[in-house]
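Remember, predicted model here, so these are calculated numbers, not experimental data. Note that the numbering runs from 1 along the sequence shown for the chain. Order of appearance sets the numbers: ligands from 1, and atoms from 1 within every ligand.
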Amino acid sequence: MVRYAPPSASASPRFAGIKTFMRLPYVKTTEDVDFAVVGIPFDTGCCYKNGARFGPTAIREASTLMRNYSMNLEIDLFEYLSGVDYGDLDITPGYIMESYRQIEEGLRPFFEAEVTPVVLGGDHSITLAELRAAAGRFGPVALVHFDSHLDTWDDYWGQKYTHGTPFRRACEEGLIDTAHSIQIGIRGSQYGPEDIQGSRDLGLEVLTANELHRIGMAEGVKRIRQRTGNARAFLSFDIDFVDPSMAPGTGTIEVGGFNGYETMTLVQGLRDLRLVGMDLVEVLPGIDPSGRTAYMAANIIHEVLAVLALQKKNGAR
Ligand code: MN
Ligand code: MN
């Protein structure tokens, strides 16, 4: 049994070496690993600013600052987890149907081997293909969706496959266990009241940003856990859930979001979530020279990995 982990930062400075996620070994394997980081640099499904094709590279670079121990969850990630950076899947820019086929095929081996894929996007359109791959192995999965947007619109300019429509398609295709699914952080201007109603009509629970601010993060965690229960869950994290003051590098910003502390509190609250896969999407490093958006993304993923480590330690996975 091989164990894959980052090199020691006390022997090799964190700024040294090739920039894989947390400096994990770049190995294309699904054997002897609990999770694999996979980049999907597809960004031509977006309806406004693009540039998320450079998200995986930026998140990897930012992630090398992360240390192995989570103080909040009191666990060393790599004491319990073996993980690799699998590199990127090949996609076909500008051709979403072909890219969907490539993504679904590319991710299927991870779900078959019950290795948790940690996907670095890319725009949010890619999640539909990820859910196809997940549902192919597990059947419909609970969706835990952090975003300022619903992404359940029916079409953009008559097109059914965009980054604004993946979850409506996923519901139509039966990929989502809607009774255990929730969208968290929804805010900003809408096309009309039918937007949120549209998600609720699909059977999804919607926890708006207003309500989450009002009830607080601890209650928010309870709402998420009540909804998801013991269902197998897929976590889809759009970085625009975070307030644009802290994550400005994304294409469709909405004010009134959540800060880093609040976001971390929510992620740490998912420690009992039965997670089969995740993605983190919509990081556009080209419009954030500070790099803080990618760093926020790396931290969110780090905390999810800490959750996985805790579950492994407790024998829950
Ligand atoms: Mn989104
Ligand atoms: Mn969004």
Side-chain angles (χ1 to χ4, degrees), residues 40-53 55-56 59 96 99-100 103 119-132 134 143-156 159-171 175-176 181-191 195-196 198-199 202 204-210 212 224 233-259 262-263 266-267 277-288 293-294 296-297 300-301 304:
I40 302 184
F42 181 84
D43 70 353
T44 46
C46 83
C47 69
Y48 205 70
K49 287 181 187 174
N50 66 2
R53 65 182 61 183
I59 297 167
I96 198 164
S99 297
Y100 275 172
I103 296 166
V119 171
L120 314 176
D123 72 44
H124 223 156
S125 66
I126 64 175
T127 310
L128 177 59
E130 296 164 30
L131 290 169
R132 285 175 180 166
L143 175 71
V144 180
H145 172 208
F146 289 89
D147 203 325
S148 63
H149 307 102
L150 298 155
D151 296 351
T152 50
W153 287 286
D154 188 37
D155 69 271
Y156 267 82
Q159 297 301 320
K160 297 280 191 183
Y161 300 99
T162 74
H163 79 157
T165 56
F167 300 117
R168 179 168 294 270
R169 297 290 93 75
C171 289
L175 311 176
I176 295 180
S181 296
I182 184 166
Q183 303 186 287
I184 307 130
I186 308 305
R187 62 187 191 270
S189 59
Q190 310 281 303
Y191 295 107
D195 292 0
I196 285 192
S199 266
L202 288 168
L204 303 168
E205 180 172 342
V206 179
L207 178 54
T208 64
N210 271 344
L212 181 53
I224 297 167
F234 188 92
L235 172 64
S236 190
F237 204 107
D238 183 327
I239 198 66
D240 70 31
F241 170 85
V242 179
D243 193 78
S245 60
M246 295 194 178
T250 191
T252 43
I253 55 169
E254 305 290 353
V255 301
F258 298 88
N259 65 30
E262 291 165 327
T263 303
L266 291 169
V267 174
M278 76 162 289
D279 64 15
L280 197 147
V281 298
E282 301 285 354
V283 173
L284 277 63
I287 55 172
D288 175 17
T293 310
M296 181 72 71
I300 292 165
I301 294 168
V304 175

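- Although no hydrogens or angles enter the test, the distance criterion places no donor-acceptor pair under 3.5 Å between the side chain of Asp43 and the main chain of Asn50.
- Each protein N, O or S atom less than 2.8 Å from the Mn ion (ligand 2) was counted, giving 5.
- Residue Gln159 places its CD atom among 12 or fewer non-hydrogen atoms of other residues, nucleotides or ligands, all under 6.0 Å distant.
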Tell me which donor-acceptor pairs under 3.5 Å the side chains of residues 236-249 have, and how far apart each pair is, sequence neighbours excluded?
residue: Ser236; atom: OG; partner: His124; partner atom: NE2; Å: 2.7
residue: Ser236; atom: OG; partner: Asp279; partner atom: OD1; Å: 2.7
residue: Asp238; atom: OD1; partner: Asp240; partner atom: N; Å: 2.9
residue: Asp238; atom: OD2; partner: His124; partner atom: ND1; Å: 3.4
residue: Asp240; atom: OD1; partner: Ser148; partner atom: N; Å: 3.0
residue: Asp240; atom: OD1; partner: Ser148; partner atom: OG; Å: 2.9
residue: Asp240; atom: OD2; partner: His149; partner atom: ND1; Å: 3.0
residue: Asp243; atom: OD1; partner: Gly256; partner atom: N; Å: 3.2
residue: Asp243; atom: OD1; partner: Gly257; partner atom: N; Å: 2.8
residue: Asp243; atom: OD2; partner: Ser245; partner atom: N; Å: 3.0
residue: Asp243; atom: OD2; partner: Ser245; partner atom: OG; Å: 2.6

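- Between the side chain of Arg169 and the backbone N or O of Tyr161 there is no donor-acceptor pair closer than 3.5 Å.
- The pair Asp151-Arg168 does not meet the salt-bridge criterion, since no charged nitrogen lies less than 4.0 angstrom from a carboxylate oxygen.
- By the 6.0 Å contact criterion, CG on Leu207 is enclosed, its count of non-hydrogen atoms from other residues, nucleotides or ligands being greater than 12.
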